[in-house]
Amino acid sequence: MINGQVKSQTISGEQISNAAVALTKDKVVYDPSYFSIEYPNGDIPAGKGVCTDVVIRTMRRCGIDLQQLVHEDMKARFGAYPQNWGQTRPDSNIDHRRVPNLQTYFKKYWKVRSILISGSDYSPGDVVTWNLGSGITHIGVVSNRMSLDNLRPLVVHNIGAGQVLEDCLFNFEITGHFRYP
């Protein structure tokens with residue numbers, strides 16, 4: 001690992017998009033429970049997940065372990081991460097499953113893109129974060145599939161109905177737009 005990334009790992013936005021779209025074939029029930037999981041390459045039980053698990057599983061299908069990358073970065077830069085959960089040290093079971101932590105990691109190691117209101121500004125494989133209101137955050141992966149009017153890319157996310165492909169890019173306040181380097 002070099003600078004928070006896997007050494008010599010080249011992944012295209014199309015690969016990320018295809019991995020995310022493939023997840024929509026798996027039946028997943030929304031479950032925000034805390035799970036003790038293996039480290040590295042740990043995952044919560046199959047058939048369960050939240051929005052962050054879509055991103056984690058997508059990137060894992062591309063050979064990137066966000067659990068390990070976020071955990072290692074949090075060990076090195078714990079104070080740079082949000083302190084919203086009363087933790088005094090990193091927890092490899094949950095840290096990568098929190099949107100604010102992924103945002104912090106992406107801001108450091110991924111390309112930060114502008115937040116714009118045109119669908120053409122978002123590319124397959126981009127990761128978008130949202131504010132749903134009342135302090136609730138959300139995250140999803142931009143796909144290579146387009147809306148019926150061909151103006152917006154569809155997004156793979158899990159907002160409670162499992163891992164789905166939806167026309168929801170501009171349904172909420174966008175707070176982050178990131179691209180794998």
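Values reported hereafter were calculated over all heavy atoms of this structure, with side chains retained and with hydrogens, waters and symmetry mates removed.
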Supply the atom-to-atom distance [X] [atom1] to [Y] [atom2], rounded to the nearest 0.5 angstrom.
X	Y	atom1	atom2	value
L169	I117	CG	CD1	11.0 Å
H138	N131	NE2	CG	12.0 Å
L66	R57	CG	CZ	13.0 Å
I159	L132	CD1	CG	5.0 Å
S143	I16	OG	CD1	12.5 Å
R97	S92	CZ	OG	12.5 Å

Any side-chain heavy-atom pair from [X] and [Y] closer than 4.5 angstrom?
X	Y	value
L102	T52	yes
T24	V156	yes
Y39	Q68	yes
F35	K48	yes
I44	I37	yes
R60	Q67	yes
Y109	P181	no

Chi angles and distances behind the salt bridge (charged side-chain N to carboxylate O under 4.0 Å, His left out) call for R77, D95: CA-CA 13 Å; R77 305 181 323 120; D95 290 334; over 6 Å; no

Criterion salt bridge (charged side-chain N to carboxylate O under 4.0 Å, His left out) on D167 and R152, from CA distance to verdict: CA-CA 7 Å; D167 181 4; R152 296 164 305 286; 2.7 Å; yes

Is it true that [X] and [Y] fall in one hydrophobic cluster, defined by side-chain heavy atoms closer than 4.5 Å?
X	Y	value
L69	I11	yes
V155	M146	no
F170	V142	yes
I136	V127	no
V112	W110	yes

Steps toward side chain to side chain contact (heavy atoms under 4.5 Å, CB included) verdict (E72, K75): CA-CA 5 Å; E72 293 296 321; K75 284 192 331 188; 3.5 Å; yes

Tell me if the aromatic rings of Y105 and F178 count as close, with their centers under 6.0 Å from one another.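 When the ring centroids of Y105 and F178 are compared, they turn out to be at least 6.0 Å apart.
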
Heavy-atom neighbours of R145 CZ exceed 12 at 6.0 Å: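 Check fails, neighbour count at 12 or below.
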
Atom CD of Q83 with >12 non-hydrogen neighbours under 6.0 angstrom: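 Buried by this count: over 12 neighbours within 6.0 Å.
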
Do you know the tightest heavy-atom contact between P153 and G119?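 Between these two residues, the closest heavy atoms are CD-O, 3.5 Å.
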
R98 NZ/CZ over W85 ring centroid, <6.0 Å and within 45° of normal: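 So R98 does make the cation-pi contact.
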
Would you check, one step at a time, whether the test side-chain hydrogen bond (donor to acceptor under 3.5 Å, both in side chains) holds for D126 with H177? CA-CA 7 Å; D126 286 358; H177 178 195; 2.6 Å; yes

Is the side chain of Q15 donor-acceptor paired with the backbone N or O of S12 at a distance under 3.5 Å, no angle test?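 Yes; judged by distance alone, with no hydrogens or angles, the pair exists.
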
Given 3.5 Å as the limit, does a donor-acceptor pair link the side chain of D65 with the main chain of N41, or not?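 Yes; at least one donor-acceptor contact below 3.5 Å.
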
What's the verdict on side-chain hydrogen bond (donor to acceptor under 3.5 Å, both in side chains) for N93 and Y34, showing C-alpha distance, side-chain angles and the deciding distance? CA-CA 8 Å; N93 294 299; Y34 179 97; 3.1 Å; yes

Could you please spell out the steps behind the side-chain hydrogen bond (donor to acceptor under 3.5 Å, both in side chains) verdict for N171 and E166? CA-CA 10 Å; N171 286 6; E166 279 189 322; over 6 Å; no

Kindly indicate, with the supporting measurements, whether the criterion side chain to side chain contact (heavy atoms under 4.5 Å, CB included) is fulfilled by I115 and Y122. CA-CA 9 Å; I115 298 172; Y122 297 82; 4.1 Å; yes

Steps toward salt bridge (charged side-chain N to carboxylate O under 4.0 Å, His left out) verdict (K108, D73): CA-CA 10 Å; K108 174 91 172 149; D73 194 54; over 6 Å; no

Show your reasoning for whether side chain to side chain contact (heavy atoms under 4.5 Å, CB included) applies to V99 and C51. CA-CA 8 Å; V99 174; C51 61; 3.9 Å; yes

Report the residue from T129, V141, L23, V128 that forms a side-chain contact (heavy atoms from CB on, under 4.5 Å) with V55.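 Going through T129, V141, L23, V128 one by one, the side-chain contact (heavy atoms from CB on, under 4.5 Å) with V55 is satisfied by V141 alone.
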
Assess whether side-chain hydrogen bond (donor to acceptor under 3.5 Å, both in side chains) is satisfied between N144 and E14, documenting all intermediate values. CA-CA 7 Å; N144 54 6; E14 286 294 323; 2.8 Å; yes

